[in-house]
Protein chains: 2
Amino acid sequence: MDSDQSFNVLVQGCPSREIMQRLGDKWTPLVLLALAEGPLRFTVLRQRIGTVTPKVLTSTLRTLERDGLVLRTVTAQVPVRVDYELSELGQSLLGPMQAIRVWSEEHVPKVLQARDDFDDREEASRL
Amino acid sequence: MDSDQSFNVLVQGCPSREIMQRLGDKWTPLVLLALAEGPLRFTVLRQRIGTVTPKVLTSTLRTLERDGLVLRTVTAQVPVRVDYELSELGQSLLGPMQAIRVWSEEHVPKVLQARDDFDDREEASRL
DNA sequence: CCGAATCCTCTGTGATACTG
DNA sequence: CAGTATCACAGAGGATTCGG
């Protein structure tokens with residue numbers, strides 16, 4: 001779209017930095033990944049990603065909705081039905097997010113190994 | 001390497017989740033991106049990413065070193081010279097990280113626009 | 001120059017209970 | 001079902017000072 005390449009996360013105060021840091025919120029990546037397959041209701045989404053309190057999940061979803069990444073749809077019925085789904089913008093983030101996910105899942109052994117090595121060396125140097 | 005696909009960030013308690021969440025620490029992405037081009041000394045790295053206190057930057061770097069993503073090299077001289085650089089593991093993360101960075105920088109206008117729209121709608125509904 | 005040591009603040013996160 | 005309202009807290013992050 002715009003070739004205006006004036007945003008740089010390495011520049012302090014650049015809005016892109018704040019946006020990127022939002023993406024690192026504790027539950028944000030999990031919510032986005034959970035919604036990758038399609039819309040989910042509040043409670044189902046909650047079960048999908050583990051133990052989140054309603055308050056925290058709500059605030060995470062609100063932020064995502066405000067940033068235009070998630071769409072919230074209320075269906076009038078009793079009881080009320082609320083669905084959350086990725087917006088077009090949210091889907092455009094899916095690629096990068098899944099890349100992070102895949103990396104994390106693939107390199108678990110190496111990271112854990114590195115930690116063990118590090119801790120061993122540390123302990124050894126203390127003796 | 002191992003086709004053992006038993007890690008899943010959506011599963012609560014899976015180590016991959018904790019590792020992915022580490023990647024979202026406030027300064028971690030910035031450090032990794034700043035080191036993308038090559039090794040940097042502590043002070044230079046610090047200036048590169050903005051206003052971080054030495055303590056916080058040190059602890060960020062320690063964690064990255066422990067997880068095997070960053071290499072720390074001490075050169076004995078007066079004053080001491082310490083270089084930080086990405087390990088092979090760290091470099092393997094560069095692709096995904098840069099994807100996140102590019103997305104953040106490219107979609108700043110859309111996100112800001114979405115926020116404005118959201119806030120307008122919210123204010124309108126309060127009247 | 002590189003950080004360790006201290007102290008302190010803030011806010012993201014969570015536990016609990018309640019409502020349309 | 002899908003939240004909101006309170007309260008509470010650990011711990012990440014920061015300011016400041018000092019040391020090798």
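Bear in mind that the values here come from a model prediction, so they are computed numbers and not experimental data.
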Side-chain donor-acceptor contacts of residues 75-83 of chain A below 3.5 Å, not counting sequence neighbours, with atom names and distances?
from	atom 1	to	atom 2	distance (Å)
A:Arg81	NE	A:Asp83	OD2	2.8

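Applying the ring pair (Phe, Tyr, Trp, His ring centres under 6.0 Å) definition to pairs two or more places apart or across chains, those involving residues 48-105 of chain B are B:Trp103-B:His107.
Regarding A:Leu57, its CG atom lies at a distance of 14 Å from the C1' atom of D:dT4, rounded to whole Å. Nucleotide D:dC1 holds its P atom 14 Å from the CG atom of A:Asp83, rounded to whole Å. Straight-line distance from the CZ atom of B:Arg17 to the C1' atom of C:dT13: 14 Å, rounded to whole Å. Here the C1' atom of nucleotide C:dG3 and the OH atom of B:Tyr84 are 8 Å apart, to the nearest Å. Distance A:Arg81 CZ to C:dG20 C1': 19 Å, rounded to the nearest Å. Here C:dA4 presents its C1' atom at 15 Å from CG of B:Leu61, a figure rounded to the nearest Å.
Between the side chain of B:Gln21 and the backbone N or O of A:Lys26, at least one donor-acceptor pair lies under 3.5 Å. A donor-acceptor pair is defined here as one N or O able to donate and one able to accept, closer than 3.5 Å; such a pair exists between the side chain of A:Ser87 and the backbone of A:Leu69. In terms of modelled atom types and a separation under 3.5 Å, the side chain of B:Thr60 and the main chain of B:Val56 share a donor-acceptor contact.
Annotation: proximity of residues 72-79 of chain B to DNA chain C (heavy atom, distance under 4.0 Å) is found for B:Arg72, B:Pro79, numbered in ascending order. If you check residues 41-50 of chain A against DNA chain C, you find no residue with a heavy atom closer than 4.0 Å.
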Taking only nitrogen or oxygen atoms into account, show me every contact under 3.5 Å that the protein makes with nucleotides 11-15 of chain D, one pair per line with its distance.
from	atom 1	to	atom 2	distance (Å)
D:dG13	OP1	B:Lys26	N	3.2
D:dG13	O6	B:Lys55	NZ	3.2
D:dG14	OP1	B:Lys26	NZ	2.9
D:dG14	OP2	B:Trp27	NE1	3.0
D:dG14	O6	B:Lys55	NZ	2.1

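Counting only heavy atoms from C-beta outward, the side chains of B:Met97 and B:Leu23 approach each other to under 4.5 Å. When side chains are defined from C-beta on, B:Thr28 does not count as touching B:Arg22, because their heavy atoms never get closer than 4.5 Å.
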Pair B:Leu89, A:Val111 - check side chain to side chain contact (heavy atoms under 4.5 Å, CB included), show working. CA-CA 9 Å; B:Leu89 191 59; A:Val111 171; 4.2 Å; yes
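A:Val74 and B:Phe118 end up in different hydrophobic clusters when Ile, Leu, Val, Met, Phe, Trp and Tyr side chains are linked at under 4.5 Å. Linking Ile, Leu, Val, Met, Phe, Trp and Tyr whenever their side-chain heavy atoms come within less than 4.5 Å leaves B:Val102 and B:Leu35 in two separate clusters. Two different hydrophobic clusters hold B:Val11 and A:Leu57 under the rule that ILVMFWY side chains link at heavy-atom gaps under 4.5 Å.
Using modelled atom types, one finds no donor on one side chain facing an acceptor on the other under 3.5 Å when comparing A:Asn8 with A:Arg17.
Where the helix from C:dC1-D:dG20 to C:dG20-D:dC1 starts and where it ends, the local axes point in directions that differ by 60°; five pairs per end, rounded to 10°.
Atom CZ of A:Arg66 sits in a crowded spot, with more than 12 heavy atoms from other residues, nucleotides or ligands closer than 6.0 Å.
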